[in-house]
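Below: the structure, in C-alpha cells.
Convention: sequence-line order gives letters A, B, ...; per-chain numbering from 1. Heavy atoms only: backbone and side chains are in, while hydrogens, waters and symmetry mates are out.
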2 protein chains.
Amino acid sequence: MKNNKATIHDIAAKLNITASTVSRALNNNPRISDETKKKVLKVAKQINYQPNHIASALRSGKSKLIGVIVPTANRNFFSSVIRGIEDLANSLNYKVIISQSYDEYDKEVQNIEALINARVDGIIASFGKMTENFDHFHKVIEKGIPLVLFDRTADVLDVSHVILDDYLGAYQAVDHLIKNGCKRIVHFTNVQRINIYRERKRGYEDALKANGLEVDPALILYGNMQLEDGRKLTEEIIQNKVDFDGIFSSADYAVMGALQVLKEHGIAVPGQVKLAGFGNEPFTSFSDPTITTVDQKSISMGKITAEMFFEMLNGNTNGQVAVAKKTILKPELIIRDSSK
Amino acid sequence: MKNNKATIHDIAAKLNITASTVSRALNNNPRISDETKKKVLKVAKQINYQPNHIASALRSGKSKLIGVIVPTANRNFFSSVIRGIEDLANSLNYKVIISQSYDEYDKEVQNIEALINARVDGIIASFGKMTENFDHFHKVIEKGIPLVLFDRTADVLDVSHVILDDYLGAYQAVDHLIKNGCKRIVHFTNVQRINIYRERKRGYEDALKANGLEVDPALILYGNMQLEDGRKLTEEIIQNKVDFDGIFSSADYAVMGALQVLKEHGIAVPGQVKLAGFGNEPFTSFSDPTITTVDQKSISMGKITAEMFFEMLNGNTNGQVAVAKKTILKPELIIRDSSK
DNA sequence: CTCATTTGAGCAAACGATTGCATTTTAAAA
DNA sequence: TTTTAAAATGCAATCGTTTGCTCAAATGAG
C-alpha cells in the first residue's frame, strides 16, 4: 500500500491502447472519440488513478501552482483576500502557495526566488513596507510570469493591480470627524513610499482644506502602525501638549494604541477626542468605545484580484503582458462610537 | 529573455563533462572532485543556472514541498505556528503550502487530496471542528506520507503530534478565578469531540472540585466559540437569571462577546463578574478591561512541530512510521484586569 | 469503385534532473 | 614495470506526462 502506482500506462495496458491516447482522453482532447474517453475514465476510477502533477508540470511547463506573497497572513485584511484568491483558484484546479514576507525586504526577495524556482504559473503579491527596490518584481515580469499586485503597489511597476481608493476612504473619515465637530485632527501615517499611506494622507489633507481647515504639519505624525507605535505617538502629543480633538490613523492597530493611552490619561473618547482608523480589523468593534474605521473591501479585493490574474493567465499573449489593468475599489466608512 | 533556459546540460557542455557529473557536483556528491565542483559552481553562477525543482521532484520523488492545513490562518495562534514551521522549513530549503479548511470537513478532505496530488513530501495539520471521520488522514498515513498534527488531534489517530496541556491551562485559569473570589463560574465550551474543548472542560471541573466547589451542569454552556456565540450564551444566562460571578471561556472570542454583553447590561467586570479566556489573542490586551487568558505557546508549538516533522522526514524508516511521538507543552496563564 | 478527406489513435521524443552500473583515470602496492 | 584498488566521471535508463508527427481506418465525394 505504500506506493501509489497507477499511471496512464496502467490504464492504457488495461484497454490495449497507448498512453498518449489515455492522456488525451483524460484531457478531453477532441481528437479522441467519446467512447474511448468513457472507457478511460471508467478504468481510471476503477484503479484509482491519480494524475502525477509533477510529471505533467515538467512536460507541459505548467505547474498549476500560483504563489501569493503577503506581508502577513495574520491580518484580517490579508487573510480575507487570500480566501478570495483561494476560492477561485481551487475551483480552477490551481493550488495556492502562500508565503509571508513579514514586511522584510530580504524575505520578500527570497520568497519570489523560491516561487520562481517552484515554477509557479503566476504570482499575486502585496509587498512589504520596506520594499523600495523592485528588481525582484521586474525579474518576474521579464520571465513572462503573470503578476498581479493588490493593495500595496508602486507606480514604477507597470503591472495589473487592484487597490482601494485610499484617498477617498481617508477623505470620508476625516470629513466625518470634522462634521462631528473636530477642528484639530492628528494624522498617523507611515513612510510615504507606500502608496496607501501617501494616498491616505492626501485624503486627510484635502478633507481639511475642503472644510476650510488648515493643514498643520505638526499634527502629522510618522511611525510604524502597530499598537505600540500608536501608543508612543499619542504619548508624545500629550507630553508635548499638542492641541488636538481628533485622530485619524492610517491603521486600526495604531488607533487602538491611541485609544488606550487616551483612556490612561483620562481623556474622554469621543467626548474630548474623536477617533477614526483604517482597515476595519475585527477588534475595532470589540473595543470600548467601538472604533470608527474604513472598510477595505477585502473580500471583493481578493475576488477581483484573482479574476484579473486568471484572465491574464489565460489570455496569455505569449508572456507578453497586454495592457496593465488597474481596478480601484470604493471603501466604506464604518461609523462607530469613537467619533460620535 | 522569456525562456529561462540554463540546464545542467548547458553547464556540462561548457565544461566538457556530462550532466550526471554536474548533477552530482551540485548536490555535493563525494564522488566528485573538489576541483570539478568548483568549476561547476562557477559556471552555474555565470550562466545564472536555476535548478528545475519539478524535474528533480519527478525523478527523485521528493518535491521539497510540505503541506500545512489549518482551519484558518487568520488567527494569531495558527499564524504564529505557521511562522514557526516556515522558518525551519525554509532554512532547510523546503517550501510550505498553506491551505485553510475554514473548519469545513469537505474542504479539509479536498485539501488533503490536493496536497497529495501536489506530491508534497509531508503534511502538518490541525483539523477542523467538523472533523469526526479520519479516513482522509488514514489515507495519508497509508501512503507513507509523513504526518504531524498539532493542537487539534484525535486519539484514534496514532500519529506524532504536539499539543498544549489544555487541561492544565484551564485548571490554572479556573483556580485563579476561584482564588480571586469566584464561587459560581460559568464555562463556555464547544463540541466535546475535539480534544481541546474536552480537556479544557475537564480542567475546569477538576479545578472546581479541588477547591471544594460543585460542578453544576447548568453552568456549562455549549456553542461555537465566536464572538457572536459568546454574546448569545451570555444573553441567555442573564435572561435566565442564572446566578454566576465568573466566566471561563474556552476561547477568547467568546469571552470578548461575554464582556460586551455584560457591559451592555451594566454588570461590572471584574467587579461583579470576573472573566478568563483561552488563546491570548491580541485583542484580549486591547479590551477594557483587558482580559485574563491562557497563552498557547504558539511560537514554541510551531517550532517543535516543525522539528518533529523533519525528524520524521529524515529518519524516514521507509515510510514506516516509527513510534508516534507526542509532545505536550505547558501553557501560561496571563493575568489581566478582567479577573482582578 | 476509386481517391481524397476527415477522424481516431499510435510512435517516439521530449521535459530536466537523478542514479545504478560501467568505465576510465590515478595512485598505490607488489 | 605490472597489478590492483580507489577515485572520478561517463552511460543510459528512468520518473509520468505531453505533444508533434505519422499512420490507419472510416467516411464522403466524384
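- For T21(B) and dT9(D), the shortest distance from a side-chain N or O to OP1 or OP2 is not below 4.0 Å.
- No more than 12 heavy-atom neighbours from other residues, nucleotides or ligands sit within 6.0 angstrom of NZ on K303(B).
- Using a 4.0 Å heavy-atom distance criterion, H53(B) is classed as making no nucleic acid contact.
- Using a 4.0 Å heavy-atom distance criterion, S56(A) is classed as a sugar-phosphate-only contact.
- When the local axes at the two ends of the helix from dC1(C)-dG30(D) to dA30(C)-dT1(D) are compared, using 5 base pairs at each end, they differ in direction by 50° after rounding to 10°.
- If you find the closest nucleotide of DNA chain D to R24(B) and to R59(B), the one lying nearer the 5' end belongs to R24(B).
- In terms of phosphate contacts, T7(B) brings no side-chain nitrogen or oxygen within less than 4.0 Å of OP1 or OP2 of dG16(C).
- A salt bridge links D158(B) with K326(B): at least one charged nitrogen is closer than 4.0 Å to a carboxylate oxygen.
- Comment: D103(A) engages R152(A) in a salt bridge, judged by a side-chain N to carboxylate O separation of less than 4.0 angstrom.
- At the heavy-atom level, I17(B) lies under 4.0 Å from the strands shown only through sugar-phosphate atoms.
- Phosphate contact (OP1/OP2 of dT9(D), side-chain N/O of S20(B), threshold under 4.0 Å): absent.
- Residue N27(B) places at least one side-chain N or O closer than 4.0 Å to OP1 or OP2 of dT18(C).
- Across all strands, S33(A) comes closer than 4.0 Å only to sugar-phosphate atoms, never to a base (heavy-atom distances).
- Between D87(A) and R83(A) a salt bridge is recorded (basic side-chain N to carboxylate O distance below 4.0 Å).
- Listed for the D121(A) side chain is no donor-acceptor partner under 3.5 Å among the backbone atoms of K62(A).
- If I32(B) and Y49(A) are placed on DNA chain D by their nearest nucleotide, the residue sitting closer to the 5' end is I32(B).
- Look at CG on N16(B): it is 11 Å from P on dC11(D), rounded to the nearest Å.
- Rounded to a whole Å, the NZ atom of K64(B) is 14 Å from the C1' atom of dT18(C).
- Atom-to-atom, CD of Q50(B) to P of dA17(C) comes out at 11 Å; the value is rounded to the nearest Å.
- One interatomic measurement links the two molecules: CD1 of I11(B) to P of dT9(D), which rounds to 15 Å at whole-angstrom precision.
- The distance from atom NZ of K38(A) to atom C1' of dG8(C) is 16 Å, rounded to the nearest whole Å.
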